[in-house]
Student: 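Before anything else, here's the structure in question.
Everything numeric here is computed off the predicted structure, so don't read it as measured data.
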Amino acid sequence: MSKTWNIRLSGTGGQGLILGGIILASAAVLDGNNTVQSQSYGPEARGGASKAEVIISQEEIFYPKVENADIFLSMSQPAYRKYSSQVKEDAIIIIDSTLVKDLTQEKGKYYQIPITELAKQETGREMTANIVALGVIAGITGVVSEDALRKAVLARIPAGTEELNEKALNAGIRSGREALNNTKD
């Protein structure tokens, strides 16, 4: 039996979540899966609501949009308000607790991780929060292998930022694993 993962990455334009969706889809392909990636953002681009959606499956994918997410990442309060109700009952919900404080949705299993703060601490740059978030997703869900994710990140980032992004990815993976281990009975 194969699992199809419907993933929604949401936040504010400029946080790099569109790139994050592209990287996640690339990692899924490297793992040998089928994938579809789509994106949308407000007309203001920077600062407006944005989302990237990724569907990963070993089977053929017939519909390219995520209706209710299995995995939902929210990196801004407005994105949380807009998309948090569009999750499955047993969804994995990952919240950037640096930026999202008001949680109202009762579906799913929550992981609150200070992703943006972690990016600042580990790399000195808030702009690496998208890579930290991808590491967190991999660390909690295993939806893509760490090896494939690392290769996909290194293939998509600007030359000269490899070490910085590796630090961000490793911090996210470590944080995701810790969060997962802290919630097990």
Student: Taking atom CE of Met75 and atom OG1 of Thr12, what is their separation to the nearest 0.5 Å?
Tutor: 9.0 Å
Student: Do Val132 and Glu122 touch side chain to side chain, with heavy atoms closer than 4.5 Å?
Tutor: no
Student: As an exercise, state the distance from NZ of Lys167 to CD of Gln121, rounded to the nearest 0.5 Å.
Tutor: 12.0 Å
Student: Could you check whether any side-chain heavy atom of Leu154 comes within less than 4.5 Å of a side-chain heavy atom of Asn165, counting everything from C-beta outward?
Tutor: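 Side chain of Leu154 against side chain of Asn165, heavy atoms only: no contact under 4.5 Å found.
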Student: Could you please spell out the steps behind the side chain to side chain contact (heavy atoms under 4.5 Å, CB included) verdict for Val66 and Ile55?
Tutor: CA-CA 7 Å; Val66 171; Ile55 301 171; 3.8 Å; yes
Student: Please check if the side chain of Ser76 supplies one atom and the backbone of Ala79 the other of a donor-acceptor pair under 3.5 Å.
Tutor: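 Such a contact is found between Ser76 side chain and Ala79 backbone.
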Student: Quick one: does any side-chain atom of Lys107 pair with a main-chain N or O of Val87 as donor and acceptor, under 3.5 Å?
Tutor: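 Judged by distance alone, yes, a pair lies under 3.5 Å.
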Student: Evaluate the criterion side chain to side chain contact (heavy atoms under 4.5 Å, CB included) for residue pair Gln15 and Asn130; output intermediate values, then yes/no.
Tutor: CA-CA 7 Å; Gln15 286 182 307; Asn130 63 334; 5.9 Å; no
Student: What about Ile71 and Val153, same hydrophobic cluster or not, with Ile/Leu/Val/Met/Phe/Trp/Tyr joined at side-chain heavy-atom distances under 4.5 Å?
Tutor: yes
Student: Side chain to side chain contact (heavy atoms under 4.5 Å, CB included) with Tyr111: which of Ile93, Leu180, Asn182?
Tutor: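 With Tyr111 as partner, side chain to side chain contact (heavy atoms under 4.5 Å, CB included) holds for just one option, Leu180.
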Student: Run the side-chain hydrogen bond (donor to acceptor under 3.5 Å, both in side chains) test against Thr116 and tell me which residues pass, sequence neighbours left out.
Tutor: Asp96
Student: Starting from Ile23, can I reach Ile173 by hopping between I/L/V/M/F/W/Y residues whose side chains sit under 4.5 Å apart?
Tutor: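 Yes, same cluster.
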Student: Any heavy-atom pair between the side chains of Ser10 and Lys82 that's under 4.5 Å?
Tutor: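 The answer is no; the side chains never approach within 4.5 Å.
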Student: Of all heavy-atom pairs between Ala69 and Ala91, which one has the smallest distance, and what is that distance?
Tutor: O-CB, 3.5 Å
Student: Does the Gln77 side chain pair with the main chain of Asp102, one donor and one acceptor, at a distance under 3.5 Å?
Tutor: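 Yes; at least one donor-acceptor contact below 3.5 Å.
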Student: Got a donor-acceptor contact below 3.5 angstrom from the Arg8 side chain to the Gln86 backbone?
Tutor: yes
Student: Identify the two heavy atoms, one from Ile18 and one from Gln37, that lie closest to each other, and give their separation to 0.1 Å.
Tutor: O-NE2, 4.2 Å
Student: Mind telling me whether Phe72 and Tyr83 have parallel, tilted or perpendicular rings, with 30° and 60° as the class edges?
Tutor: perpendicular
Student: Are Leu17 and Leu73 close enough that some pair of their side-chain heavy atoms sits under 4.5 Å apart?
Tutor: yes
Student: How long is the span from the OG1 atom in Thr128 to the CD atom in Glu126, to the nearest 0.5 Å?
Tutor: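 Answer for the OG1-CD pair, Thr128 versus Glu126, is 9.0 Å.
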Student: Just how far is it from atom CD1 of Ile131 to atom CZ of Arg125, taken to the nearest 0.5 Å?
Tutor: 13.5 Å
Student: Quick one: pull up CG in Leu103 and OG in Ser97 and give me the separation to the nearest 0.5 Å.
Tutor: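 The OG atom of Ser97 is 9.0 Å from CG of Leu103, to the nearest 0.5 Å.
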Student: Just how far is it from atom CD of Gln39 to atom CD of Glu53, taken to the nearest 0.5 Å?
Tutor: 10.5 Å
Student: Is the backbone N or O of Lys101 less than 3.5 Å from a side-chain atom of Tyr80, with the two atoms forming a donor-acceptor pair by type?
Tutor: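 Answer holds: no.
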Student: Donor-acceptor pair, distance only, cut-off 3.5 Å: does the side chain of Ser175 make one with the backbone of Ala171?
Tutor: no
Student: If you group Ile, Leu, Val, Met, Phe, Trp and Tyr by side-chain heavy-atom gaps below 4.5 Å, do Leu169 and Leu19 land in one group?
Tutor: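 As far as the 4.5 Å side-chain criterion goes, Leu19 and Leu169 are connected within one cluster.
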Student: When you group the ILVMFWY residues by side-chain heavy-atom contacts below 4.5 Å and let the links chain together, are Val54 and Ile157 in the same group?
Tutor: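 In one cluster: yes.
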Student: Answer yes if Ile56 and Ile94 sit in the same cluster of Ile, Leu, Val, Met, Phe, Trp and Tyr residues linked by side chain heavy atoms under 4.5 Å apart, and no otherwise.
Tutor: yes
Student: Over all heavy atoms of both residues, which pair between Ser38 and Pro64 is shortest? Give the atoms and the distance, please.
Tutor: OG-O, 4.0 Å
Student: Does the side chain of Ile115 reach to within under 4.5 Å of the side chain of Thr98, using non-hydrogen atoms?
Tutor: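 Sidechains of Thr98 and Ile115: no contact.
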Student: Residues in side-chain hydrogen bond (donor to acceptor under 3.5 Å, both in side chains) with Lys88, at least two apart?
Tutor: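 Asp70.
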Student: Minimum heavy-atom separation for Ala179 and Ile113, please, with both atom names.
Tutor: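 In terms of heavy atoms, the two residues are closest at CB-CD1, 3.8 Å.
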Student: When the side chains of residues 134-152 are checked against the rest of the protein, which donor-acceptor pairs come out under 3.5 Å, sequence neighbours left out?
Tutor:
{"residue": "Thr141", "atom": "OG1", "partner": "Ile137", "partner atom": "O", "Å": "2.7"}
{"residue": "Thr141", "atom": "OG1", "partner": "Val143", "partner atom": "N", "Å": "3.1"}
{"residue": "Ser145", "atom": "OG", "partner": "Asp31", "partner atom": "OD1", "Å": "2.7"}
{"residue": "Ser145", "atom": "OG", "partner": "Ala148", "partner atom": "N", "Å": "3.1"}
{"residue": "Glu146", "atom": "OE1", "partner": "Arg177", "partner atom": "NH2", "Å": "2.7"}
{"residue": "Glu146", "atom": "OE2", "partner": "Arg177", "partner atom": "NE", "Å": "3.4"}
{"residue": "Glu146", "atom": "OE2", "partner": "Arg177", "partner atom": "NH2", "Å": "2.5"}
{"residue": "Asp147", "atom": "OD2", "partner": "Lys151", "partner atom": "NZ", "Å": "3.2"}
{"residue": "Arg150", "atom": "NH1", "partner": "Glu166", "partner atom": "OE1", "Å": "3.1"}
{"residue": "Arg150", "atom": "NH1", "partner": "Asn170", "partner atom": "OD1", "Å": "2.9"}
{"residue": "Arg150", "atom": "NH2", "partner": "Asn170", "partner atom": "OD1", "Å": "3.3"}

Student: So, is the end of the Lys65 side chain (NZ or CZ) under 6.0 Å from the ring centre of Tyr63 and within 45° of the ring's axis?
Tutor: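 Checked: cation-pi criterion not met.
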